[in-house]
Amino acid sequence: MYNSDMNLFLKKSTFYFLLAGTIIMMFLMLLTGRDLKTTATPLGIIDLELASTKTAVQNILNVWDNQVLEGNKLITKARVNTFLDFIFLLFYSLFLFTCCKTLASSLSHKKTWQTILHRCAAMAILSGLLDIVENTGMLLSLSHYSSSTIAPITAIAAYLKWALVVATLLLIITAFMVKIMERKKQEAV
C-alpha cells in the first residue's frame, strides 16, 4: 500500500510505533497520576493544568504537599507524572499528525478534505507545543514558583491544547468515516 518513497509519517511502521507509544504512555500517565485524585483534586493532574489563579494552584499544592503515599509526597508523584507527559506529548501529537497526513494522502482527490487534514496536522503539532508550555508552567508551580502570571498562562495553554486535541480527533474521525463511505461506494459499483 505504501511505497518506500513516501514520507516517514505515511509509513505503516511509523503509524503503529506512534500508536503503541501513545497507548503505553496513556497507561503510564494514568498509573502515575491515579494517586493525585483526592477529594480536593478529583481530576488529579488535570485540576492543576486548569487552575487559572495562583490561589487555586496553591490550594492544590497544599493538598499534594501534605499527603504522603508509599513514602512519597503526592507533589513528587505529580512531578513524575508531568515529566512523563513530555514523552506522552511527543507520541500523541505525532500520532495525530500522522493520522491527519495519512488520511489527507488517501483523500487526495478530495481537495477540501485534503486542505482540512493538512491544517488538522498543524493543529496536532500545535497541541504538543501548547502541552510543553503547560507542563513547564506546572513544573514551575510544583517547584513552588507559582505566580499570578504562571497560573493563567498554564491554564490557557491547557484549555487551548484540549480544544485542539478534541477538534483534531473529531476531524480525524469524520475524515475516516468519509473514507469508509467512499470505499463502500466504490465497492458497490
Side-chain angles (χ1 to χ4, degrees), residues 1-34 43-50 52 81-139 152-189:
M1 182 171 183
Y2 296 104
N3 66 38
S4 60
D5 297 337
M6 293 193 93
N7 185 321
L8 170 67
F9 289 103
L10 297 181
K11 291 185 177 181
K12 282 185 180 182
S13 59
T14 302
F15 174 84
Y16 289 121
F17 172 75
L18 293 172
L19 174 62
T22 299
I23 291 169
I24 290 167
M25 288 310 300
M26 282 174 70
F27 176 74
L28 281 173
M29 296 292 296
L30 289 170
L31 193 64
T32 61
R34 73 173 184 246
L43 300 176
I45 199 75
I46 294 174
D47 283 311
L48 183 60
E49 288 178 13
L50 303 178
S52 61
N81 188 266
T82 304
F83 278 118
L84 286 174
D85 194 34
F86 281 105
I87 300 168
F88 178 51
L89 73 86
L90 286 173
F91 278 107
Y92 84 75
S93 62
L94 291 175
F95 174 70
L96 294 175
F97 176 87
T98 301
C99 287
C100 292
K101 288 296 188 177
T102 302
L103 282 167
S105 175
S106 69
L107 294 171
S108 60
H109 57 286
K110 293 191 173 275
K111 295 301 178 195
T112 302
W113 271 107
Q114 193 174 31
T115 301
I116 289 169
L117 288 163
H118 284 302
R119 288 184 181 152
C120 188
M123 288 175 14
I125 298 301
L126 182 56
S127 69
L129 295 173
L130 287 165
D131 210 346
I132 291 171
V133 172
E134 169 198 313
N135 288 345
T136 303
M138 288 195 313
L139 286 174
I153 289 172
T154 303
I156 289 167
Y159 279 110
L160 289 173
K161 172 200 74 174
W162 282 110
L164 288 174
V165 167
V166 169
T168 301
L169 285 171
L170 290 173
L171 286 168
I172 288 170
I173 291 166
T174 305
F176 188 68
M177 290 168 54
V178 166
K179 182 179 174 179
I180 289 172
M181 288 186 296
E182 187 174 86
R183 186 179 293 164
K184 285 188 179 192
K185 274 185 195 176
Q186 289 174 348
E187 289 172 0
V189 173

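Quick caveat: nothing in here was measured; it's all calculated off a predicted structure. When reading the values below, keep in mind they use all heavy atoms of this one structure, side chains included, and skip hydrogens, waters and symmetry mates.
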Flag the pair [X] / [Y] as yes when at least one side-chain heavy-atom distance between them is below 4.5 Å, and no otherwise.
{"X": "L130", "Y": "Y159", "answer": "no"}
{"X": "V133", "Y": "L129", "answer": "no"}
{"X": "M123", "Y": "R119", "answer": "no"}
{"X": "I180", "Y": "K184", "answer": "yes"}

At what distance, to the nearest 0.5 angstrom, does [atom1] of [X] lie from [atom2] of [Y]?
{"X": "I116", "Y": "K111", "atom1": "CD1", "atom2": "NZ", "result": "13.5 Å"}
{"X": "L19", "Y": "T14", "atom1": "CG", "atom2": "OG1", "result": "12.0 Å"}
{"X": "L89", "Y": "K161", "atom1": "CG", "atom2": "NZ", "result": "8.5 Å"}
{"X": "S52", "Y": "I153", "atom1": "OG", "atom2": "CD1", "result": "12.5 Å"}
{"X": "E134", "Y": "T82", "atom1": "CD", "atom2": "OG1", "result": "8.5 Å"}
{"X": "F86", "Y": "N135", "atom1": "CZ", "atom2": "CG", "result": "4.5 Å"}

So, applying side chain to side chain contact (heavy atoms under 4.5 Å, CB included) with T22, which one of F27, F17, F88 is it? F88
Of L96, I23, L94, L90, the residue whose pairing with L18 passes side chain to side chain contact (heavy atoms under 4.5 Å, CB included): L94
Scan side-chain atoms only and decide if N81 and T32 contain a donor-acceptor pair under the 3.5 Å cut-off. yes
Minimum heavy-atom distance between A124 and S93, given as atom pair plus value: O-CB, 3.3 Å
Heavy-atom closest contact (A155 atom, L50 atom, distance): CB-O, 3.9 Å
Has the side chain of T102 got a donor or acceptor atom that lies under 3.5 Å from a matching backbone atom of C99? no
For K101, does its backbone N or O pair with a side-chain atom of S105 as donor and acceptor, under 3.5 Å? no
Verify side-chain contact (heavy atoms from CB on, under 4.5 Å) between F91 and I24, making sure each step is shown before the conclusion. CA-CA 10 Å; F91 278 107; I24 290 167; over 6 Å; no
If we check side chain to side chain donor-acceptor pair (under 3.5 Å) with Y92, which of these qualifies: D85, T168, D131? D131
